[in-house]
Structures are given as C-alpha cells and as structure tokens.
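Fair warning: this is a prediction, and the values are worked out from it, not measured in the lab.
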Amino acid sequence: MSKMSGCGKSVALVACSAVCRLLSAGVIYVAPELPEGSDGSGSSWANAMTSVADALLAASQMQGGGEVWVRKGYYLYNSTATGLPIYSNVKVIGGFAGDETSADAADTDANPTVIGCLTHANGVSTYTPKWQVNPISGGTYVAKDDREILDRTTWQINYPPEAWRGTYDRTAYYVAPTTAGAPYGFTDSAGNVAGAVIKGLVIYGFYTTAISVAAGSSVEIVDCRIVACGGYNASAGGVASKGGVHVRDTLFLGCATPIGNDNSSTALESVYENCRILYCNSGKDLDVIYWMRGNGKIENCVIRNNWVKGNSSYFARLMNGTCEMLDTLVEDNVIANAKGQGIYATGWDFLRCIFRGNELKQPDCSATTPHVACLSIYGKKLVRDTLFENNKVSGSRANESKHYWSPTVASCTGGGALTCLNCTFINNTNAVPNSAYDSSGTIVSAVNDTSYGVSMVNCVFANNRSQVEINAYGSDAENDKNATVAALNSVFYSDDESYVPFRLSSLVSPGLANCCISRWEEVKDSIPTGNNGYLYNITDQDPKLDRSVKTGENGVVALGVGPESPYRKTGRGIWKSSDNRYWFYDDNPDLGHTWRWRNVADKRIL
C-alpha cells in the first residue's frame, strides 16, 4: 500500500470496528503526526490517522463517498508506484488547523498542507528545488538563489527575488533529473472517475506529474498550489488530463508544462479559471501549455514570467476542440530558440485578453514555422476586445525566405481567416533585421489559399515598430487573387516618417473603409486593388489619439479619441466616458462599462 507519513511512520486502518465507524462518519481526519491518545481511526481530529493514502481508500468505501480533511503540515510521499489514488465521490481537502468542524473553515494560505516528494530513483537521492536562471542560447542552468522554493519551516512559497525582474532572461526551477521511477502525485489510473475533488493542497516536487486524470474521468481541482512539479518525461508536470478537469483558484509555480490536456471526449470539458501560471517552463520537449485535444476554456487567468526553449516547443499549443481564452493576462513571457510561435492556436477564439511584454528571442533559427511572439492563428478564428502592447520579436534571419515574423498575431496555413474586432496594437516591435524578402509585420497573413485573409474592425494600431503594419503575402498566383485584407473603422497611426501601413501581395483584394491611415497620400498608390478590392473614405489626418491610464485597480492602458478626432466623425460611434474622453467600446449598452477591457480589471487579474 502507498504510504504517507509526517513523522516517519504510517497508520493503516486499524480494526474492523474502526472501519465501520468511518463508513458512516462522512469525514476522515488526517494529521502529520499521530495525536497523543489517538486510536488512528481517523474518526476525529483527536483520533486522526497519518496516512493520506489510507484515508482516501477508507473514504472511497463510504456509501456515496466521503471527505478527507488534512491538517496543516508536511506529508512526504516516497512511493514510485502509480501515485495517490483519485476515487469517485471522494474529496480531499487541506488547509485545516486541526480544530475545525466545517470544511468552509479551511484556509489554504494560513494552514499550508503540503503533499511533497523530494526524492527520485526509489527514494535514493534528495531533490531540493531552487530558483535558477535559464540561458537563452546554449549553456547550463545557473543557480542564483540558495533558498528552497518552499520554505520547510513555514511552508510558505519563496518567490524569485524581485531584483531578477528585468535583469535575467527568465527564471524557472531546475529541470528534474531524468531518472527512472520518478513518482506521480495524485493519479487516476482506472478512468471514469466522477465527483472527485482535490482542494486546498500544496503539491510539491513531484518529478513526473502532480495530478494525472485518465480518460472518461471528471475531476475538480480547487484552491491548490502546484509547485516545482514535472520535468522527468514528456508529460505535463502540473495537471495532465485525458478526461475533463475543472481547475479554479489554483497557482502553478515553477512547473514544467503546468497544463496538459488530451481529452478525446466531446462530452467532457476542461476549464481553467482564476488560475495563475508563473515562472514555469516547457519541460522535456513540450510546451508551457500543451492542449492537444478537448473542448473547454481558459478564463480570468494570469500567465506571466514563463519561459520556453527547445526546437520542439511552443509557448502554448492550443489545438483541436471548441475552446476560448477569456479575460486572461498573458504577460512577460519569453520564447527562446524554440519553434518560434507563442500560442499556436487552431481551435480557439480569444476574447477580452491582454498580451503585454512578451518576447520571442529567435537567434539564428532556420525553422520554417512562423515566428510570432503572441498568437499564430490556424483556421477561421476571432480575436476580440484584446490589447497587444509592448510585445517584441528579436533575432537574426537564418533561412530567411521561409520566415515570417510578428510581435503580435499571424494568420497562418490551414485556411487561416483572422478577424480582429475592437482590438488595440500599441508599441509592439519587430527588431529582426530587414531584408529583401521581408515577411514581417505587426500582423502577418500568409495568403496561399483561397480562404485566407485578415479582417480588422474597430481596431487601433499606434506607434508599432515592425517595418510594416499589415503584411499579407503569398506566392500562389491562382489562390492569392481570392485572399482579402479588410479594415473597417480602424486607425493605423505612426509618427515614423518611413511608416508602411500595408504590404500586400499583388493579387490580394483589399477592402479599406472609414479608416485613418498615416501617410495615406504617400502610400495609397502602392496598395493593390486585386481582383475585387475597394478603398473608401480614407483619411491621413491626425486621429488625435490620446494615451491615458484608466483610473482604478492598478491602472489599465487604453486609447482615448479626442472630440476633435476626424476618426470619430468618419468611423463608428465612439462612446464617451465620464472623464470626457471617447473610448473604443463594444456596442452593447447592457455591459455597464465605459470600455470593454474594464471587464478584465473588474475581475482583478492585473
């Protein structure tokens, strides 16, 4: 039987009479050490048992399932077997001081309950996770902080030193040794589990996976801290699911591939909401987020200061399924010497998100994939009410004829048809050297397909440094003529005297109407009309865009349009806020906000 212990010993179910009491009690109590006078039955805090594994088994035998309440402390798990079992209708809850009578009284932060594994290879070698600096190109991991990630006295998290921000390339915990026998944390090995809940636990140092969910199962994970897990093999180190999971209010910190989803069932969705993914890395030949299959969503999350490196890796692989990313902040992440794509998205729409400060560092990579700091869109997808600010692509041009580069969004192969609605692109930079074959742009669209195109409605592009703002190119004369680039009620503004708003393949059909475009009189003759293009009501007057910080929690960058702006008169209606500015806004009066991004700030993710 798998053993858990907080004092070097484990207590199994002690007698048939004790089991009978447990079967009707509903709750089994666990403590890191056997309380004085305890009979070890788990029938109360005074009689708590010390084995989480035994408590889970006992709860699974209760009629209708039961709960396991785990008192604060450290529970070391050394088994190299399949891991702590996940049973149907069993809830395991941490965060108890040891005198509570209600599950609602548990406090994860005040009473950290740690399920930990700091050994590998059958418990022979001790593993101490510490913060490291990851090299961008070559070299080895460098230790920069002697503190263990989890303090063994207080069991509180030691975050990376604040002085590292902006100084080192990025940080992530040291990749675990590739040694056989690396244990799992919680594991559903049989599948078809229902009603299981893992709540209020700190899951620490498991080399393989913190929580593994099999096909056909549905598991809820609430208010957990998953820290320094993963790295042994090509599997998600945080939550690896072939079933459906609902993960909320959970922190992933210093993990290798914190999210892995490969669910072939359309009946089960995976949902991540109110989660934080911080200082994680791409693990062994995977990605920070590896979502291969399955319907679901990522909502109201923070994805910040993560790092990916390796020619087989993306920052996030969001593949097949009907999915959305909503109200999520993606900030200060680095993609280094990888395949060159930030988020590779085929089945996803993006609504009310913020992409800020992300960077693709691509030194001398000759991969033929697009090189994009934020989003690579495959298929017909929508990006709505989203901000792209201060994102960057840097590097050199190896095998340059096969690259296209963007600090924000690329519409790619597979019938890519990108629609950007109510989006703002500001101060994004493409620092890749220019060349004769220039496929760079703030937005790039490869148009070698009859259904390709990019549409921008109610969008603002302001002071981006990308050689070209919108670049739609191709080489297939038969298909290019059916591709379109459309801009309606949008602003393309730059104070750069060499600003190029559009570079389009000669057979692309542009549709531009009611737009402010800097240097329009100078560049309009270079805009091809293609097969059925049109240009209507274009002005190059100053749109009088005033940058402002919206007052409120932490401040949110927005673009205001002054009352004298010609765009306000020629474009769609712009809503006026209480501070006498005009704001780009979704035209739904029932939202109750003066601008759409306010939804993100209201949910307190910034």
Side-chain angles (χ1 to χ4, degrees), residues 383-384 388 406 408-409 411 417-428 438 440-445 447 452-474 480-547 559-575 582-585 587:
V383 180
R384 178 172 181 171
F388 297 87
S406 168
T408 61
V409 184
S411 176
L418 167 67
T419 298
C420 295
L421 175 62
N422 304 337
C423 293
T424 295
F425 301 78
I426 182 169
N427 293 333
N428 300 287
D438 195 340
S440 301
T442 303
I443 287 183
V444 175
S445 178
V447 292
Y452 272 49
V454 56
S455 301
M456 298 148 286
V457 182
N458 305 331
C459 291
V460 172
F461 295 78
N463 289 321
N464 299 295
R465 297 291 185 264
S466 298
Q467 288 108 42
V468 180
E469 199 80 270
I470 310 300
N471 195 332
Y473 70 94
D480 284 0
K481 65 183 180 182
N482 295 307
T484 59
V485 172
L488 175 64
N489 303 335
S490 294
V491 170
F492 301 85
Y493 173 76
S494 176
D495 55 12
D496 185 353
E497 294 182 356
S498 61
Y499 177 64
V500 180
F502 297 93
R503 178 175 290 154
L504 308 179
S505 176
S506 61
L507 295 177
V508 169
S509 298
L512 311 178
N514 295 338
C515 293
C516 273
I517 303 176
S518 293
R519 300 186 66 241
W520 176 249
E521 291 301 320
E522 300 172 59
V523 303
K524 65 181 181 181
D525 291 339
S526 66
I527 306 294
T529 57
N531 191 41
N532 56 357
Y534 64 90
L535 308 174
Y536 173 76
N537 197 20
I538 309 297
T539 177
D540 63 359
Q541 297 180 57
D542 184 355
K544 295 184 171 62
L545 292 173
D546 298 320
R547 182 167 176 171
L559 287 177
V561 178
E564 301 304 318
S565 169
Y567 174 69
R568 183 176 66 87
K569 299 174 183 177
T570 60
R572 68 175 183 138
I574 304 299
W575 287 45
Y582 292 84
W583 302 91
F584 296 99
Y585 182 69
D587 58 358

Quick one: pull up CD1 in Ile426 and OG1 in Thr408 and give me the separation to the nearest 0.5 Å. 13.0 Å
When rounded to the nearest 0.5 angstrom, what is the spacing between CG in Asn458 and CG in Asn489? 5.0 Å
Could you pull out all residues at least two apart from Phe492 that satisfy ring-ring contact (aromatic ring centres under 6.0 Å, His included)? Phe461, Phe502
Side chain to side chain, Leu418 and Met456, heavy atoms closer than 4.5 Å: no
Of the non-hydrogen atoms in Cys459 and Cys420, which two are nearest, and what is the gap between them? SG-O, 3.2 Å
For Ser490 and Val457, work out which heavy atoms get closest and say how close. OG-C, 3.9 Å
Can you name the closest pair of heavy atoms from Asp540 and Ile517 and give their distance? CB-O, 3.1 Å
To check you understand the geometry: which heavy-atom pair defines the closest contact between Asn428 and Phe388, and what is its length? ND2-O, 3.1 Å
Once salt bridge (charged side-chain N to carboxylate O under 4.0 Å, His left out) is applied, do any residues pair with Glu497, and if so which ones, sequence neighbours excluded? none
Please list, chain by chain and in numerical order, all residues satisfying side-chain contact (heavy atoms from CB on, under 4.5 Å) with Val523, sequence neighbours excluded. Pro501, Arg519, Trp520, Ser526
To the nearest 0.5 Å, tell me how far Asn471 CG sits from Ile443 CD1. 11.0 Å
Excluding sequence neighbours, so at least two apart, what forms ring-ring contact (aromatic ring centres under 6.0 Å, His included) with Tyr499? none
What pair of heavy atoms forms the shortest contact from Ile527 to Pro510, and how long is it? CG2-CG, 4.0 Å
Rounded at 0.5 Å granularity, tell me how far CD1 in Ile538 sits from CG in Asn514. 7.5 Å
Non-neighbouring partners of Thr442 that pass side-chain hydrogen bond (donor to acceptor under 3.5 Å, both in side chains), sequence neighbours left out: Ser466, Glu469
Can you see which heavy atom on Ala472 is nearest to which on Val485, and at what distance? CB-CG2, 3.5 Å
Applying salt bridge (charged side-chain N to carboxylate O under 4.0 Å, His left out), can you list everything that pairs with Asp495, at least two apart in sequence or on another chain? Arg465
